[in-house]
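Here is the structure we will look at.
Numbering of ligands and ligand atoms starts at 1, following listing order.
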Amino acid sequence: MISHKIDHGINGCPIIPGDKSISHRAIIIPSISNGVTEITNILKSEDVNNTLEAFKEMGVKIIDNEDKLIIYGNGLKSLKKPKKEIYLGNSGTSARLLTGLLAAQNFDTKITGDKSLSKRPMNRIADPLSAMKAEIFTSNGSLPIEIKGKQLESSNIEISIPSAQIKSALLFAFLNTNGKSTITESKVTRDHTEIMLKAFGADIDIDSKGRKKLITINGLKELKAKNIDVPCDLSSSAFFIVAALINKNSKITLKNININPTRNGLLLALEKMGARINYLNRRISNDENVCDMEISSSNLKGCELDNSFADLMIDEYPILSVAAAFADSPSIFRGLKELRVKESDRLNLIYLNLLNCGVDCNIIEDDLIINPSKKFEIKNNNIRTDYDHRIAMSFCVMGTKIGPLKINDAESINTSFPSFINEFKSVGGKII
Ligand code: S3P
């Protein structure tokens, strides 16, 4: 796929799909609840489809009507042993969350994934689960993993890596475990799981101790079905937001975007950079913060972000780095260690691709430094993505300013945003 330079702005009202994190949870939680859940605006992408297929394989009746997904849940203990191994493609969220859920079932399972997922660390979830006496056998710390389902022991677990995936996996294990179990988090991670579990009537208690967050679940309490309208994904919006900011004569409107404060770091960072973003109709929908947004071309300045931002926007550094390349002063993004274990080593790919695009940048330990210049001397216009959707979409946006850029392995975009290319073209992007 080639992203070309444009000589007009980015304008219009692109349709952003449902939030990926919430969509996964909107399949998992109704599947183990009692009753019928109707879900609207769920993301239809490869990653979410992998979660969906896994629950179908485990005997859950799920009907996909054009405009809504209907899940017939039969309670906490209703899942059946799948006939074959569970293949989760590229989806780290599915793999981590399901590992927690499956560790506490009364059957054994095996989870596999694609090449990229099979390189990602799974000990981060197997280790804390083993405190509950879970039996999880990884392949040198990664997929494939075999899970011996069993009754787990209630526990108090302090999470050492800030990760909503680890937290959520443990919460799903707690649901099926007798007694009270607690997670202690010392850093913020996205809280969609807690929000949805509460809405479904879980016996969940959220407390704080100093700066730490404590989440307690009293297990074996049945959940009750509740309809869900999935808000649109801020992480997917980010590509359009930055495209409009860095291209002259741009103005876009985005509707019904999730701005949950546990993952709105991109918006805070862009505000520091002088982005012109208007927030309209702020409201609460399904217990999540949502709003509409108007974004206009802006003269961005560089910014320094400390490592607390990494907790609030880990998925958005690739596209924020593109924005920083067009600012009028340098940026430093600190504490990006977790970026190295995403769908690719994102820190390295941001660096390599920006260098190839002629941007002066550097990595010092886990910090990324970007020194923008007015002229881009392209060294190599082949963008390496290692099948990482967010790297692919970010450099599509880069292409609007300095293209043509050839984005390799761009099919990865289907994991999170299958309609991206159409929507990008509809607002003035030139992709061939
Ligand atoms: C996700 C959590 C984040 C994020 C991922 C989705 C989730 O990962 O990077 O894209 O849905 O829980 P970590 O919490 O492991 O950092």
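Geometric assessment of K401 against the ring of F326 yields a positive cation-pi assignment under the 6.0 Å and 45° thresholds. Within the cation-pi definition used here (under 6.0 Å to the ring centroid, within 45° of the axis), K226 does not qualify as a partner of F200.
In summary, of the residues considered (D311, D366, D367), a salt bridge (Lys or Arg N to Asp or Glu O under 4.0 Å) with R334 occurs for D367 alone.
For F309 and F333, the ring centers are positioned 6.0 Å apart or more. Separation of the F424 and F240 ring centroids falls under the 6.0 Å cut-off.
Remark: E53 pairs with K56 by the salt bridge (charged side-chain N to carboxylate O under 4.0 Å, His left out) rule, at least two apart or across chains.
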Between ligand 1 and the protein, find all N/O pairs closer than 3.5 Å and give the distance for each.
residue	atom	partner	partner atom	Å
ligand 1	8 (O)	K342	NZ	3.0
ligand 1	9 (O)	D315	OD1	2.7
ligand 1	9 (O)	D315	OD2	3.3
ligand 1	9 (O)	K342	NZ	2.7
ligand 1	10 (O)	D315	OD2	2.8
ligand 1	11 (O)	S21	OG	2.7
ligand 1	11 (O)	R25	NH1	2.9
ligand 1	12 (O)	R25	NH2	2.7
ligand 1	14 (O)	S163	OG	3.3
ligand 1	14 (O)	A164	N	2.6
ligand 1	14 (O)	Q165	N	3.3
ligand 1	15 (O)	S163	OG	2.7
ligand 1	15 (O)	Q165	OE1	3.3
ligand 1	16 (O)	K342	NZ	2.9

